[in-house]
Amino acid sequence: MIEQLLCKNIADAIKSIYQTEVDLSSISLQKTRKEFEGDFTFAVFPYLKITKKSPEQTSNDIGQYLKDVLDEVNDFNVIKGFLNIVIKKSYWLSFLNQNINNKSFGFNPVKKSTPVMVEYSSPNTNKPLHLGHIRNNLLGWSVAEILKANGENVLKVNLVNDRGIHICKSMLAWKIWGNMETPQSSGLKGDHLAGKYYVLFDKNYKKEVEELVAKGYDKEVAEKQAPLMLEAQKMLRLWEAKDEDVLKLWNRMNAWVYEGFDVTYKTMGIDFDKTYYESNTYLLGKSIVEKGFNENKLIQKEDNSIWADLTGEGLDEKLLLRSDGTSVYMTQDLGTAHQRHEEYKPSKMIYVVGNEQNYHFDVLKLVLKKLGYDWSDSIYHLSYGMVELPEGKMKSREGTVVDADLLIAEMIETARQTAFELGKIDDFESEAAIKLYHTIALGALKYFILKVDPQKNMMFNPKESIDFNGNTGPFIQYTHARIKSLLNKADNVISNHVDVNINIVEKEKNLLQLIHEYPAVINQAAESLSPALISNYIYELAKEYNGFYQEIPIFKEENMELRDFRIALSYFVSNIIKSAMGLLGISVPDKM
RNA sequence: GGUUCCGUAGCUCAGUUGGAUAGAGCAACAGCCUUCUAAGCUGUGGGCCAUUGGUUCGAAUCCAAUCGGAAUCACCA
């Protein structure tokens, strides 16, 4: 690409004019700001110590060198210490010619063999997915796709938390009050059915606790002594003892939940290469902890429990094995990480997990390091903040969890109503129309969530997300559909070659520059694991295109070569929008 | 209290490895439908980049302190 060429020649210029070698990687260019003439800008300030000349003189020297040496450089200008380099329009046009038919433009063709693992979703099987899972799923899936586009060999992994006291609570409530209810008999999605009984358990459990408190029990004691809780704990023990009846119920109920999850995943367009179940992995980790203890890397307390001492690293001590020898969450995670490393030797293990577990992952990495596993650095916690709705915070503790299925259904309904109000569609119940509402609703949701920096807590405003103006998914879908319909009218005139001598206007050159940037954007998004970078890029591209070609009708153009160019450019832009939106998991309709 | 993250227009958010006069959208206001789709486009107003110091040619960006907000600090997962 032209940037590298310019950087290399700038280094050559400094060497030839000032007789000093500079490190090529230290030279960087930026896009020239709109208010100045030029395509790329080089700031000379850091090199003044070498050149021993004024910023202006230095810029002029280097600019002149580039102009003399490089055919692609048309001209240059200097403002203060900024060297603005003007690239010939013919370069941009030949770039268009070279890449227009490349369907995977921007994607790295070199495929790496070392796998990168991305773990996301990680649901509990006692309740349906909620808004937090939506952000998790979208982020994980999108990051995986971006890495793939960049040539990584990605393994998408889900770790289902299918065991523990929580699922026992659902099972117990179902046994007591369920009347043998099934998804078929109740018409409920399997995960919602389990969730219903989890809530039922909680309600009755709280009632029991209140009754005990009224009888004079201490609240803490009451919480432990409530009959329902004792019963649930008994069930967990039976499960661990592989009691036949409990296992049967557990299998049955989990199967319902998985069916429900699959529907939600499918609706969202989320998939996995591999699913792990905690019931298979919860005993892992003990051996590496014991090994670490034998090697004197861990400490033991009087009650025989085993701990990692992280006080030297500025953290506390962390329990790894209980006094009865059973493992805790951390032990399991140590085990699964170890197992995955043994199995795949991934160059990176990315865990998409909410920021409430930042501390957990800090500890995880430190303990692994302490135990002598040098691959602990390959673990990366992709942490994300909470999603809130305008109505208020969504926290499970406050009981205002926003259900994922419900939210998606509401988004689809909003899309339907908007189309109806605007009179956009003739047959509102046709298959095509229903598919379109679905596409728009999901596009709105995904785009809005992915465009925000993961680290930040965010506000999801459903109404704003589905607006067709502004930085939204539907706006980009709309732009794509418009380009497609335009190209449809022109399909007999699409040429795969554009005359490099035609005159193009500034805005068209801006579009070409933006397209030119696309591979770098994907690369950077992969490096920083940031779908937000992609969405901001597409918006800029779509806006630039939409604004411009709304004003300049392509088919009015009498100059056939210019018209061909504009059609070719439109074609390229629509392809990039489609491919970039694909990385966010958003489909773009050809017609809407 | 310790640790981590966040603080940019009334609201929701961008802001590339430190670069030129701080960017969008929404909301407000003023225009644009005989062209390809107005689910759109164009324009106007709106800022102590939380505060204060430091680092340097240059700071929203890096460092320190302070003030606000969030998360976390379990023999839960």
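Order of the sequence lines fixes the chain letters, A, B, ..., with proteins taken first and strands second; residue numbering starts at 1 for each chain. Not measured: the values here are computed from a predicted model.
Remark: A/K206 engages A/D202 in a salt bridge, criterion side-chain N to carboxylate O under 4.0 Å. Using a cut-off of 4.0 Å between Lys/Arg side-chain N and Asp/Glu carboxylate O, A/R416 and A/E413 are scored as salt-bridged. The pair A/E313-A/K369 does not count as a salt bridge, with every side-chain nitrogen at least 4.0 angstrom from each carboxylate oxygen.
Here, B/rG43 and B/rA24 have their C1' atoms 16 Å apart, quoted to the whole Å. For the C1' atoms, the distance from B/rA20 to B/rC33 is 40 Å, rounded to whole Å. With C1' as the reference atom, B/rU42 and B/rA64 are 47 Å apart, rounded to whole Å. With C1' as the reference atom, B/rC76 and B/rA50 are 37 Å apart, rounded to whole Å. Rounded to whole Å, the P atom of B/rU52 lies 12 Å from the corresponding atom of B/rU61. On the P atoms, B/rU55 is 35 Å away from B/rC13, given to the nearest whole Å. Taking atom P on both B/rA71 and B/rG45, the two are 40 Å apart, rounded to the nearest angstrom. Of the C1' atoms belonging to B/rA28 and B/rU66, the separation is 37 Å, rounded to the nearest Å.
The side chain of A/V452 approaches B/rC13 more closely than any other nucleotide in the set B/rA77, B/rG40, B/rC13. In the set B/rG40, B/rC75, B/rA77, the nucleotide with an atom closest to the side chain of A/N161 is B/rA77. Nearest to the side-chain atoms of A/K591 among the listed nucleotides B/rC13, B/rU37, B/rG19 stands B/rU37. Across B/rA77, B/rC73, B/rU4, the shortest atom-to-atom separation from the side chain of A/Y329 is found for B/rA77. When each of B/rA38, B/rG15, B/rA77 is scored by its nearest atom to the side-chain atoms of A/R322, the top-ranked nucleotide is B/rA77. Considering only side-chain atoms of A/P553, the nucleotide from B/rU35, B/rA77, B/rU21 that sits closest is B/rU35. Of the candidate nucleotides B/rC6, B/rA77, B/rG19, B/rG19 has the atom nearest to the side chain of A/F45. Counting only heavy atoms from C-beta on, A/S485 has its side chain closest to B/rU37 among B/rA20, B/rC75, B/rU37. In this structure, the nucleotide among B/rU16, B/rA71, B/rA38 sitting nearest to the side chain of A/E356 is B/rA71. Here the side chain of A/F82 is nearest to one of B/rC41, B/rG40, B/rA20, namely B/rA20.
Inter-residue side-chain proximity for A/K489 and A/L486 is flagged as unmet; no heavy-atom pair is nearer than 4.5 Å. Residues A/Q357 and A/Y329 are in side-chain contact: their nearest non-hydrogen atoms beyond the backbone lie under 4.5 Å apart.
Between A/E551 atom CD and B/rC33 atom P there is a gap of 13 Å when expressed in whole angstrom units. Taking atom CD of residue A/E317 and atom C1' of nucleotide B/rC75, one finds them 14 Å apart after rounding to whole Å. Following rounding to the nearest Å, A/L315 (CG) and B/rA74 (C1') show an atom-to-atom distance of 15 Å.
In terms of the salt bridge (Lys or Arg N to Asp or Glu O under 4.0 Å) criterion, A/K435 has no residue partners (sequence neighbours excluded).
Comparing A/S327 and A/S25 by the nucleotide of RNA chain B that holds the closest heavy atom to each, the one mapping nearer the 5' end is A/S25.
Using a 4.0 Å heavy-atom distance criterion, A/M458 is classed as a sugar-phosphate-only contact. Looking at heavy-atom distances under 4.0 Å, A/G547 makes contact with sugar-phosphate atoms alone, never a base. As judged by a 4.0 angstrom heavy-atom cut-off over every strand, A/L320 is placed among residues making no nucleic acid contact. Among the atoms of the strands shown, none is found under 4.0 Å from any heavy atom of A/T418. Among the protein residues, A/N523 comes within range of no part of the nucleic acid, since none of its heavy atoms lies under 4.0 Å from any strand. Looking at heavy-atom distances under 4.0 Å, A/P55 makes no contact with the nucleic acid at all.
Taking side-chain N and O atoms only, A/Q455 has a distance below 4.0 Å to OP1 or OP2 of B/rC6. Residue A/Q357 has no polar side-chain atom (N or O) positioned under 4.0 Å from OP1 or OP2 of B/rU72. Close to B/rC41, at under 4.0 Å from its OP1 or OP2, lies a side-chain N or O of A/N546. When the side-chain nitrogen and oxygen atoms of A/R566 are compared with OP1 and OP2 of B/rC36, none of them lie within a distance under 4.0 Å. Taking 4.0 angstrom as the limit, A/K456 places a side-chain polar atom (N or O) nearer than this to OP1 or OP2 of B/rA14.
A/F361 and A/Y380 have their aromatic ring centers separated by at least 6.0 angstrom. A distance below 6.0 Å separates the ring centres of A/Y282 and A/W239. Taking the six-membered ring for Trp, A/F42 and A/F82 have ring centres at least 6.0 Å apart.
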Checking side chain to side chain contact (heavy atoms under 4.5 Å, CB included) for the pair A/M592/A/I440: CA distance, chi angles, key distance, verdict?
-> CA-CA 9 Å; A/M592 63 190 281; A/I440 291 173; 3.8 Å; yes
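Consecutive pairing runs in RNA chain B reach the stem threshold at B:1-7 with B:67-73, B:10-13 with B:23-26, B:28-32 with B:40-44, B:50-54 with B:62-66, where a stem means at least three Watson-Crick or G-U wobble pairs with distances under 3.5 Å.
Within the cation-pi definition used here (under 6.0 Å to the ring centroid, within 45° of the axis), A/K451 qualifies as a partner of A/F448.
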Could you write nucleotides 23-29 of chain B as a row of B, S and -, 5' to 3', where a protein heavy atom under 4.0 Å of any base atom gives B, of only sugar-phosphate atoms gives S, and otherwise -?
-> SSSS---
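In this structure B/rC33 sits in the syn conformation; its chi angle is within 90° of 0.
Residue A/E37 qualifies as open at atom CD: its count of foreign heavy atoms under 6.0 Å is 12 or below. Under a cut-off of 6.0 angstrom, the local environment of CD in A/E220 is sparse, with at most 12 non-hydrogen atoms contributed by other residues, nucleotides or ligands.
Side chain A/D333 to base B/rA77: no donor-acceptor pair is found below 3.5 Å.
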